[in-house]
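Okay, so here's the structure we're looking at.
Chain letters run A, B, ... following the sequence lines, proteins first and then strands; every chain starts at 1. Just so it is clear, the structure is predicted and the values come from calculations on it, not from any experiment.
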Amino acid sequence: MIKSCYIHIPFCKKICSYCDFCKIFYNEIYINKYLDALENEINKYYNNDLLETIYIGGGTPSSLSLEELNRLFNIIDKLNKSKDLEFTIECNIEDITEDKLKLFKDRGINRLSIGVESFNENNLKFMNRPSIDLDKLKYAKKYFDNINIDLIYALPNETLEILNEDLNKVLDLDVKHISIYSLIIEPNTKIMDLEPIDDELDYEMYKLICDRLSNYNHYEISNFAIPGYESKHNLTYWNNEEYYGFGMGASGYVNDVRYTNTKSINNYIKNEFNRVEEHLTTLDKEKYELIMGFRKLSGINIDKYKEKYNRDLLDNETIKRLLNENKLQIKDNNIFINKEYIYLQNEILLQLI
Amino acid sequence: MNQEKIRNFAIIAHIDHGKSTLADRILELSGNVSKREMTDQILDNMELEKERGITIKMNAVRLNYKGYEFNLIDTPGHVDFSYEVSRSLAACEGTILLVDATQGIEAQTLANYYLALENDLEIIPVINKIDLPNADPEKVTLELINTFGFKKDEIILTSGKTGEGVDKLLDAVIEKIPAPKGNKDGKLKALIFDSVFDSYKGVIIHIRIVDGKLSNKDKIRFMSNNSSYDITELGYTTPKIVNVNELNAGDVGYLCASIKTISDIKIGDTITLDNNPCDEPLKGYSEVKPMVYSGIFPVETREYDLLKDALEKLAINDASLTFTPETSKALGFGFRCGFLGLLHMDIIKERLQREFNLNIILTAPSVIYNVYLTNGDMVSISNPSDMPPMERLSYIEEPYIKTNIFTPTDYIGPIMELCENKRGTFINMEYINETRVNIHYELPLSEIMYDFFDKLKSATKGYASFDYELIGYRVNKLVKMDILLNGEKVDALSMIVHKDFAYNIGKNMVNKLREIIPRQMFEVPIQAFINNKAIARETIKPLRKNVLAKCYGGDITRKRKLLEKQKEGKKKMKMIGSVEVPPEAFLEILDLRK
């Protein structure tokens with residue numbers, strides 16, 4: 001049974017400098033055709049599984065008009081939802097209005113993921129994002145208890161002081177969940193020619209973050225939650241479980257196939273989803289289990305792994321060595337990366353896969 | 001052809017003085033190659049030769065000019081290959097000494113002039129590139145008169161570019177260069193002056209018939225080892241191949257005889273007839289010995305056999321390249337290779353990479369040391385890691401060279417400073433004219449291994465030229481320096497250095513390694529040791545970050561691909577103990593251009 005579903009809304013009113021997600025400028029004509037195609041895609045591929053999480057991401061899903069949002073929710077209504085469904089939508093601050101918040105609430109949204117990225121004016125200018133209206137954030141809290149705030153650090157010219165100020169502000173807001181990412185300079189973005197900041201500083205920033213957010217459960221490399229508010233949807237990814245991905249450029253994992261939809265709006269609205277598929281062997285699945293599982297600070301459950309792949313992780317020579325070197329640790333039958341080394345996760349994975 | 005109508009000659013010159021371009025004009029003027037067929041510098045066959053503008057392997061070409069048969073034998077222009085120059089000169093009666101009208105006499109002009117004298121050749125002095133705006137033929141004429149004692153009226157002015165003066169030069173070849181004086185009715189004596197491997201014909205042997213005649217039906221015998229072969233093909237090049245039935249005394253040409261390996265052929269050997277051999281061989285030349293040794297290792301162990309094949313193929317056409325298997329604790333299985341000099345080494349390296357697509361590591365080049373032991377024995381060592389332990393050593397000798405450095409007087413200071421820093425001993429300075437000198441220093445050969453050429457070039461804005469001759473071995477305070485990476489000795493990085501310079505070399509070495517080796521998950525100390533004593537240390541700070549902060553929505557395939565790309569990069573690394581070292585670490589330390 002597939003229990004999670006991702007829905008991609010690629011439209012944005014403004015393009016952020018660092019963003020390499022699948023996005024296009026907001027355009028009314030395209031949106032209706034896009035929603036038609038989305039409905040078709042869901043009808044074609046959805047198998048009536050009982051869903052425990054739905055995540056509407058983007059782009060900027062909140063940039064849609066009330067009417068368009070209603071249309072979107074009508075489509076989603078056809079999905080079979082568990083009664084304790086985690087239902088998230090990504091939202092920009094400028095879209096936080098009474099009307100939209102009410103609509104979200106009415107249509108079942110129970111988790112809001114707000115893209116703040118930074119409170120610092122220079123950082124925001126660099127990212128091509130508008131200033132932060134703190135009142136709006138506080139206003140959103142009146143409607144939603146379960147709020148995530150997205151932040152980005154390690155921006156050019158950022159100092160530990162600037163980051164610390166961002167952390168002060170986010171802690172003041174007292175939200176249930178914080179995702180905080182080190183800037184990735186991607187090819188084909190406006191900032192592609194930029195040099196990343198010094199690793200040493202980046203690492204210092206990460207340590208500062210872990211330190212300042214100590215009241216939260218640091219449960220994944222870049223994610224912090226008040227216990228009980230960990231993102232169920234994202235845990236689906238990290239637990240290497242299957243999920244639907246609908247919409248242009250969306251990725252999913254269904255029946256042992258990982259796929260990514262077309263990134264062309266013109267193809268998508270013609271219902272040409274052109275999925276690029278990766279058919280997984282058991283060995284591939286094991287690789288993904290390690291790649292994703294070791295993102296969690298709690299790591300991988302040894303029993304569950306054995307059950308899934310009929311293999312004991314503790315028999316693996318590399319794992320034995322890494323345990324010996326104290327790069328991996330074991331607790332409660334979970335094997336996980338020593339927190340000291342979590343920022344070197346790739347180095348450890350490279351030895352394992 | 002009557003020997004009276006044959007002229008065998010070579011062109012000798014300092015690098016870039018226009019030898020190959022002049023050869024092209026000569027070919028064109030003698031009608032051998034039509035204008036349409038001309039690609040620039042026909043005699044330079046190899047891609048690398050064209051790129052570097054130097055001739056590595058020589059070629060012989062036959063031309064007809066005013067009823068005469070000219071055999072033009074090309075020669076390499078670099079100091080590493082002076083051995084090859086001398087062997088092509090042995091096939092000639094005369095030579096054209098070419099000097100650039102904008103540069104004047106340079107180091108290899110002098111070296112080549114002496115080679116020609118040793119071979120008793122008639123020398124025609126030529127000043128080339130007179131078409132250039134900054135040409136100063138009068139000044140260069142004076143240099144030629146003062147340095148070599150030429151007379152003003154025997155110096156010919158040419159332009160390889162426009163062809164001016166080339167006809168006069170060819171007339172001078174007829175007038176001044178003596179005809180061969182072999183005994184055409186005598187027993188066959190032919191000199192081997194070059195050999196090339198061809199995958200269809202086997203070994204192609206370039207010969208000069210001194211006495212007698214050779215027919216394509218003959219069975220030949222090599223005088224050095226008495227092995228005999230039936231000739232399968234006889235001919236010459238124009239540069240097109242022309243087959244003939246016969247070559248006679250005075251002729252230059254080639255022969256094929258189904259010879260599979262080049263090592264069966266000794267350059268300088270005498271060929272005679274199997275059924276009617278001559279009594280005495282011609283005076284050959286001494287065998288060439290490698291001067292510089294380096295280890296070549298495949299980055300990936302499984303490429304060992306490919307590397308072996310490639311070296312065998314290169315050695316087929318390059319008798320001066322030697323190689324024997326070598327095992328390094330750090331680098332695994334590879335070969336200890338001997339080269340004529342650094343340029344030779346660099347060319348082999350590039351050919352292995354370019355023509356054979358191999359991913360290789362070269363270790364620092366080393367000269368041959370004479371190591372005397374306390375028990376009175378002497379061992380020759382070309383690999384620092386073979387150095388016997390300290391307590392068994394009595395003393396060590398290293399090879400020395402004497403330099404010819406031609407330079408405008410403006411740069412005497414910087415050159416002397418450079419040579420002093422390279423443990424040089426000043427001998428004297430000869431004035432070529434009032435603005436140019438030839439500086440003589442004695443230097444350890446090992447000191448010109450690393451960056452001497454480059455430093456000389458930058459100290460003199462490229463105006464100085466350099467040549468050297470070996471002058472024997474000398475005792476010095478030499479020690480073996482070891483490099484330890486994360487506490488483990490890396491045998492492939494060991495070097496033999498002068499005790500007084502060891503501290504600086506060690507410091508530079510560990511510093512360079514710190515820059516080249518990427519950060520690891522742990523702190524990596526790099527140390528230079530002499531006799532178990534650390535003389536320099538640097539530390540590679542531990543890697544702090546290698547993580548993907550974000551997971552691209554659900555696009556997890558992409559994350560895996562990124563990891564696999566990183567994994568590919570790691571594969572190129574060489575594990576030295578627990579440290580990942582990029583192969584460039586070994587290359588960059590000795591990169592000749594830096």
Side-chain angles (χ1 to χ4, degrees), chain A residues 4 6 8 20-22 55 57-58 152-154 179-184 196 198-204 206 220-222 233-234 236-238 240 243-245 249-253 258-260 276-278 284 287-288 291-292 295 325 327 341-351 353, chain B residues 299-301 359 485-488 511 513-526 538-583 585:
Chain A
S4 292
Y6 176 82
H8 193 72
D20 86 326
F21 278 18
C22 188
Y55 191 105
I152 294 180
Y153 66 96
S179 299
I180 180 159
Y181 304 110
S182 170
L183 177 73
I184 306 177
D198 179 61
D199 275 5
E200 207 71 37
L201 177 59
D202 191 312
Y203 177 68
E204 290 299 317
Y206 188 67
E220 192 262 359
I221 292 169
S222 310
H233 182 84
N234 286 335
T236 303
Y237 302 152
W238 301 325
N240 198 27
Y243 56 95
Y244 288 109
S251 295
Y253 176 26
R258 288 194 180 274
Y259 64 85
T260 300
V276 177
E277 295 184 345
E278 187 197 7
D284 292 333
K287 272 191 193 175
Y288 278 116
I291 293 173
M292 301 315 290
R295 292 191 70 81
E325 294 170 359
K327 288 178 182 127
Y341 292 102
I342 194 78
Y343 223 44
L344 293 169
Q345 193 221 14
N346 286 353
E347 291 290 320
I348 288 171
L349 289 176
L350 286 168
Q351 301 181 40
I353 61 169
Chain B
V299 172
E300 289 183 55
T301 324
N359 209 355
L485 206 53
N486 203 26
E488 278 188 57
N511 203 8
L513 282 169
R514 182 182 55 84
E515 284 167 20
I516 296 168
I517 299 173
R519 292 179 175 196
Q520 319 274 316
M521 283 176 81
F522 45 89
E523 191 175 277
V524 179
I526 312 169
E538 282 284 348
T539 306
I540 306 171
K541 283 202 230 161
L543 179 69
R544 287 306 192 191
K545 184 192 175 199
N546 183 7
V547 67
L548 275 186
K550 199 173 168 94
C551 245
Y552 307 105
D555 190 354
I556 289 154
T557 305
R558 180 166 163 189
K559 172 160 172 76
R560 203 202 68 190
K561 283 185 181 155
L562 282 168
L563 274 172
E564 266 158 18
K565 212 169 143 195
Q566 281 199 10
K567 182 123 187 153
E568 276 305 302
K570 293 254 183 204
K571 268 197 202 147
K572 294 203 180 94
M573 299 280 189
K574 198 88 197 175
M575 285 302 285
I576 308 258
S578 50
V579 183
E580 291 166 346
V581 180

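The environment of NZ in Lys567(B) is crowded: more than 12 heavy-atom neighbours from other residues, nucleotides or ligands sit within 6.0 Å.
There is a side-chain donor-acceptor pair under 3.5 Å between Asn546(B) and Gln566(B).
With a threshold of 4.5 angstrom between heavy atoms, Leu344(A) approaches chain B through its backbone and through its side chain. When heavy atoms are compared at a cutoff of 4.5 Å, Leu349(A) approaches chain B solely by way of its side chain, counted from C-beta outward. Proximity to chain B is limited to the side chain of Thr260(A), based on heavy atoms less than 4.5 angstrom apart. Using a 4.5 Å cut-off between heavy atoms, Asp199(A) contacts chain B through both its backbone and its side chain. The contact between Lys570(B) and chain A is made entirely by side chain atoms (from C-beta outward), counting heavy-atom distances below 4.5 Å. Neither the backbone nor the side chain of Tyr55(A) comes within less than 4.5 Å of any heavy atom in chain B. At a 4.5 Å heavy-atom cutoff, Ile180(A) makes no contact with chain B through either its backbone or its side chain. Of the atoms belonging to Glu278(A), it is side-chain heavy atoms, and not backbone ones, that fall under 4.5 Å from chain B. Looking at Glu564(B), the atoms closer than 4.5 Å to chain A (heavy atoms on both sides) all sit in the side chain, from C-beta outward.
When Lys287(A), Lys327(A), Gln351(A) are compared by the number of non-hydrogen pairs under 4.5 Å with chain B, Lys327(A) comes out ahead.
Here the shortest heavy-atom pairing between Asp202(A) and Ser182(A) reads OD2-OG, 2.9 Å. Closest of all the heavy-atom pairs between Glu488(B) and Gly577(B) is OE2-CA, 3.7 Å.
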key: Residue pair Glu200(A), Arg519(B): steps toward the salt bridge (Lys or Arg N to Asp or Glu O under 4.0 Å) verdict   = CA-CA 12 Å; Glu200(A) 207 71 37; Arg519(B) 292 179 175 196; 3.2 Å; yes
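Checked against ring pair (Phe, Tyr, Trp, His ring centres under 6.0 Å), Tyr153(A) has no partners two or more places apart in sequence or in another chain.
A distance-only check finds a donor-acceptor pair linking the side chain of Tyr206(A) to the backbone of Ile221(A) [under 3.5 Å].
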